[in-house]
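Okay, structure first, notes after.
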Amino acid sequence: QVQLVESGGGLVQAGGSLRLSCAASGRAVSVYAMGWFRQTPGKEREFVAAITWTGGITYYRDSTKGRFAISRDNAKNTMYLQMNSLEPEDTAVYYCAARNSGGVLSRGAGYPYWGQGTQVTVSS
């Protein structure tokens with residue numbers, strides 16, 4: 001099984017920046033895309049951003065477009081999420097995920113591999 005490990009979360013004031021990383025390891029897998037999702041206790045998990053592994057095509061939820069930037073290093077099997085102009089509403093546990101199939105990349109059900117999550121807290 002593929003193992004995904006997130007890092008880079010922390011506490012930041014509104015308007016600040018954080019860069020999340022997600023490193024993949026384990027058995028070889030043909031990754032089609034990787035993505036970031038976030039979840040606050042009591043709320044549904046929501047899509048943040050995704051990127052295709054070969055073409056580098058990116059997708060963002062509307063509330064993060066222009067503030068967040070997703071990228072990947074194919075050689076290192078690592079995905080990044082640069083988060084700028086953070087808002088308190090961005091506070092959540094952020095999860096990275098990987099999939100080996102296409103489809104609607106904003107749907108978490110299509111991702112079979114998930115990390116353990118990293119906490120992002122934005123204070124006002």
Side-chain angles (χ1 to χ4, degrees):
Q1 296 286 75
V2 174
Q3 305 294 320
L4 303 176
V5 180
E6 304 97 331
S7 62
L11 175 64
V12 65
Q13 288 188 305
S17 299
L18 286 173
R19 192 189 194 199
L20 305 184
S21 299
C22 176
S25 62
R27 296 183 179 181
V29 60
S30 298
V31 176
Y32 173 79
M34 294 183 69
W36 290 96
F37 295 78
R38 64 189 183 187
Q39 186 171 27
T40 300
K43 295 184 178 180
E44 198 78 14
R45 180 181 60 194
E46 65 181 19
F47 170 76
V48 178
I51 185 169
T52 61
W53 214 242
T54 56
I57 302 172
T58 59
Y59 305 83
Y60 299 91
R61 72 178 295 108
D62 290 341
S63 63
T64 65
K65 187 174 296 184
R67 300 187 299 121
F68 290 11
I70 189 172
S71 61
R72 85 279 190 259
D73 185 333
N74 295 38
K76 296 184 179 297
N77 289 331
T78 302
M79 175 181 63
Y80 307 95
L81 183 67
Q82 179 66 48
M83 303 185 292
N84 300 320
S85 300
L86 283 163
E87 305 168 352
E89 292 74 19
D90 296 316
T91 295
V93 176
Y94 283 69
Y95 298 89
C96 69
R99 62 189 293 159
N100 51 16
S101 63
V104 181
L105 301 186
S106 60
R107 296 180 179 176
Y111 294 77
Y113 307 107
W114 292 84
Q116 81 292 335
T118 184
Q119 176 70 229
V120 171
T121 303
V122 184
S123 64
S124 60

Requested in this report: Using the test side chain to side chain donor-acceptor pair (under 3.5 Å), find all partners of Arg67 that sit at least two apart in sequence or belong to another chain.
Outcome: Asp90

Query raised in the report: Residues two or more places apart in sequence or in another chain: which of them pass side chain to side chain donor-acceptor pair (under 3.5 Å) with Tyr95?
Result: none

Report task. With sequence neighbours left out, write down each residue that passes side chain to side chain contact (heavy atoms under 4.5 Å, CB included) with Asn77, or none if nothing qualifies. Result -> Ala24, Trp53

Assigning hydrophobic clusters by single linkage (Ile, Leu, Val, Met, Phe, Trp, Tyr; side-chain heavy-atom cutoff under 4.5 Å), is [X] placed with [Y]?
| X | Y | result |
| --- | --- | --- |
| Trp114 | Tyr94 | no |
| Phe47 | Leu4 | no |
| Val48 | Leu105 | no |
| Trp36 | Tyr113 | yes |

Query raised in the report: Are side-chain heavy atoms of Arg38 and Thr64 found at a separation under 4.5 Å?
Result: yes

Report summary line: With sequence neighbours left out, the residues meeting salt bridge (Lys or Arg N to Asp or Glu O under 4.0 Å) with Arg61 are Glu46

Query - Of all pairs that satisfy disulfide (SG to SG under 2.5 Å), the ones with a partner from residues 65-124, not counting sequence neighbours - result: Cys22-Cys96

Query - Arg45, CZ atom: more than 12 neighbouring heavy atoms under 6.0 Å - result: yes

Query raised in the report: Between the side chain of Gln116 and the main-chain N/O of Val5, is any donor-acceptor distance below 3.5 Å?
Result: no

Report task. Check for a donor-acceptor pair, side chain of Thr40 on one end and backbone N or O of Thr91 on the other, with a separation under 3.5 Å. Result -> yes

Pair up each side-chain donor or acceptor in residues 14-21 with any protein partner under 3.5 Å, not counting sequence neighbours, and list the distances.
unit_1: Ser17; atom_1: OG; unit_2: Asn84; atom_2: OD1; d: 2.9

Show every donor-acceptor pair shorter than 3.5 Å between a side-chain atom in residues 117-124 and any protein atom, with sequence neighbours excluded, or say none if there are none.
unit_1: Thr118; atom_1: OG1; unit_2: Gly9; atom_2: N; d: 3.2
unit_1: Gln119; atom_1: OE1; unit_2: Thr121; atom_2: OG1; d: 3.3

**Report entry** Partner set under ring-ring contact (aromatic ring centres under 6.0 Å, His included) for Tyr111, not counting sequence neighbours
**Finding:** Phe37

Query raised in the report: Which residue pairs satisfy the salt bridge (charged side-chain N to carboxylate O under 4.0 Å, His left out) criterion with at least one member in residues 70-84, sequence neighbours excluded?
Result: none

Query raised in the report: What pairs of residues pass the ring-ring contact (aromatic ring centres under 6.0 Å, His included) test when at least one of them lies in residues 60-84, not counting sequence neighbours?
Result: none

